[in-house]
Student: 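If you scroll down you'll find the structure; I have some questions about it.
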Amino acid sequence: MRILVIEDDLEAASYMLKGLRESGHVVEHAADGKDGLYMAAAGSYDAMVVDRMLPGVDGLTIVKTLRSTGNATPVLFLSAMGEVDDRVRGLKAGGDDYLTKPYAFAELLARLEALDRRAGAVTGGTMLKVADLEMDLVARSVRRAGRSIELQPKEFALLEYLMRHAGQVVTRTMLLENVWDYSFDPQTNVIDVHISRLRQKIDKDFDRPLLHTVRGSGYSLRDAR
């Protein structure tokens, strides 16, 4: 996972970052609420650990602000404030889980992995998500980094198939059979045209491309960070 830790206690943050990195995760750290909110809004994370009491902007405000902009990144609140009312306020603010200090690192890691599994289950239903690209299958809408992207019906179908096979190489034959319903290659450039249009819409003007051409094989939608 790519995790953002917003924690002003540098010693506690160092301990957490070391453990998460040793567990194979990519971790970024913000030492105050203002920087944390900026990084959370500008970046793409699989999960966030947010301390309740932060200088600049408190943890509750960070999460409320993110949720109001449509950012659905799973959030684990971490706080010495462990009363029932405190936990309820954290969850109502948009937090997905709440862990009180002091804590066991193994429990924090397990809770983050559970949030990641839960997010995967959600995206397997009515939402698809690859990095900061999100598709709502019910509303038939697409957003990247919070920005709405208008797609034609066939572009939407093409992107949906690529997102359902994120990280895999999708061949021309797979696209012809599953997006265009062709059981043979009619020697048309329809795929190239639609891939080009889709790339213009989901990658242009963003900090990194998600749609990659795999020479001699096909295409792959993935975060190549």
Student: Atom CD in E134, atom CZ in R143: separation rounded to 0.5 Å?
Tutor: 8.0 Å

Student: Check the side chains of N71 and T73 for a donor-acceptor pair under 3.5 angstrom, ignoring hydrogens and angles.
Tutor: yes

Student: Evaluate the side-chain contact (heavy atoms from CB on, under 4.5 Å) criterion for residues I6 and D35: first the C-alpha distance (whole Å), next the side-chain angles of each, then the deciding distance (0.1 Å), finally the verdict.
Tutor: CA-CA 8 Å; I6 308 177; D35 287 345; over 6 Å; no

Student: Take R2 and E28 through the test salt bridge (Lys or Arg N to Asp or Glu O under 4.0 Å) and record every step on the way to the result.
Tutor: CA-CA 8 Å; R2 185 164 181 250; E28 295 183 13; 2.5 Å; yes

Student: Closer than 3.5 angstrom, by distance alone: can the side chain of S79 be matched with the main-chain N or O of M81 as a donor-acceptor pair?
Tutor: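 Checked: pair present.
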
Student: Can you name the closest pair of heavy atoms from F156 and D136 and give their distance?
Tutor: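 In this case the closest contact between F156 and D136 is CZ-O, 4.2 Å.
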
Student: Do M48 and L20 belong to the same hydrophobic cluster, where Ile, Leu, Val, Met, Phe, Trp and Tyr are linked whenever their side-chain heavy atoms lie under 4.5 Å apart, directly or via other members?
Tutor: no

Student: Could you pull out the closest heavy-atom pair between S217 and V169, with the gap in Å?
Tutor: CB-CG1, 3.7 Å

Student: Answer yes or no: is there a donor N or O on one side and an acceptor on the other, between the side chain of D132 and the main chain of R144, under 3.5 Å?
Tutor: no

Student: Please answer: with hydrophobic residues joined when any side-chain heavy atoms are less than 4.5 Å apart, are V27 and V50 in the same cluster?
Tutor: no

Student: Between D223 and R208, does a salt bridge (Lys or Arg N to Asp or Glu O under 4.0 Å) hold up when you go through it step by step?
Tutor: CA-CA 8 Å; D223 188 352; R208 64 190 187 282; 2.8 Å; yes

Student: Roughly how far, to the nearest 0.5 Å, is CG of L162 from CG of L211?
Tutor: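 Nearest 0.5 Å value for the CG-CG distance: 6.0 Å.
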
Student: Within 45° of the axis and under 6.0 Å from the centre of the six-membered ring of Y219, does NZ or CZ of R199 qualify?
Tutor: no

Student: Under 3.5 Å, is there a donor-acceptor pair between the side chain of R52 and the main chain of D86?
Tutor: yes

Student: Using only atom types and a distance under 3.5 Å, with no angle test, would you say the side chain of K154 pairs donor to acceptor with the backbone of V179?
Tutor: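 A pair under 3.5 Å: yes.
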
Student: Keeping K34 on the side-chain end and G36 on the backbone end, is there a donor-acceptor pair under 3.5 Å?
Tutor: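 A pair under 3.5 Å: no.
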
Student: Would V5 and M39 count as a side-chain contact (heavy atoms from CB on, under 4.5 Å) if you check the C-alpha gap in whole Å, the side-chain angles of each, and the deciding distance to 0.1 Å?
Tutor: CA-CA 10 Å; V5 173; M39 291 173 67; over 6 Å; no

Student: Hey, is the main chain of S220 close enough, under 3.5 Å, to the side chain of H212 for a donor-acceptor pair?
Tutor: no

Student: Please work out which of the three classes, parallel, tilted or perpendicular, describes the rings of Y103 and Y15, given edges at 30° and 60°.
Tutor: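 Ring orientation of Y15 relative to Y103: tilted.
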
Student: Is there a side-chain contact (heavy atoms from CB on, under 4.5 Å) between L221 and I202 once you walk through the steps?
Tutor: CA-CA 11 Å; L221 188 74; I202 69 170; 4.0 Å; yes

Student: For E11, is there any backbone N or O sitting under 3.5 Å from a side-chain donor or acceptor partner on S14?
Tutor: no

Student: So does D192 get a backbone contact from the side chain of N189, meaning a donor-acceptor N/O pair under 3.5 Å?
Tutor: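 No: the side chain of N189 does not pair with the backbone of D192.
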
Student: Over 60° means perpendicular and under 30° means parallel, so tell me whether W180 and H194 are parallel, tilted or perpendicular.
Tutor: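 Perpendicular: the ring planes of W180 and H194 meet at over 60°.
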
Student: Check Q152 against K201 and note the closest heavy-atom contact, atom names and distance.
Tutor: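 That would be N-NZ, 4.2 Å.
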
Student: Please give me the minimum heavy-atom distance between D32 and P55, naming the atom from each residue.
Tutor: CB-O, 3.7 Å

Student: Cluster question for you: counting only ILVMFWY and a side-chain heavy-atom cut-off of under 4.5 Å, with indirect links fine, are Y98 and L108 together?
Tutor: no

Student: Enumerate the residue pairs fulfilling salt bridge (charged side-chain N to carboxylate O under 4.0 Å, His left out) with a member in residues 101-110, sequence neighbours excluded, ordered by first and then second residue.
Tutor: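 Every salt bridge (charged side-chain N to carboxylate O under 4.0 Å, His left out) pair that includes a residue of residues 101-110, provided the two are not neighbours, is E7-K101, D51-K101, E107-R111.
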
Student: Minimum heavy-atom separation for A166 and V130, please, with both atom names.
Tutor: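 Taking every non-hydrogen atom into account, CB-CG2, 3.6 Å.
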
Student: Roughly how far apart are L158 CG and I195 CD1, rounded to 0.5 Å?
Tutor: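 L158 CG to I195 CD1: 4.5 Å, rounded to 0.5 Å.
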
Student: If hydrophobic clusters are built from ILVMFWY residues whose side chains come within less than 4.5 Å, do I149 and Y161 share one?
Tutor: yes

Student: Would you indicate whether the side-chain heavy atoms of I62 and L54 approach each other to under 4.5 Å?
Tutor: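 Yes, at least one pair of side-chain atoms sits under 4.5 Å.
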
Student: Roughly how far, to the nearest 0.5 Å, is the CZ atom of R222 from the CD atom of Q168?
Tutor: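 Rounded to the nearest 0.5 Å, the CD-CZ separation comes out at 12.0 Å.
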
Student: Among residues two or more places apart or on two chains, list those pairs meeting salt bridge (charged side-chain N to carboxylate O under 4.0 Å, His left out) that have a residue in residues 61-71.
Tutor: R67-D96

Student: S23 and F105: which non-hydrogen atoms are nearest, and at how many Å?
Tutor: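 Closest approach of S23 to F105, heavy atoms only: OG-CE2, 4.0 Å.
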
Student: Could you go through V63 and F77, starting from their C-alpha distance and side-chain angles, then the distance that decides it, and tell me whether this counts as side-chain contact (heavy atoms from CB on, under 4.5 Å)?
Tutor: CA-CA 9 Å; V63 176; F77 271 119; 3.5 Å; yes

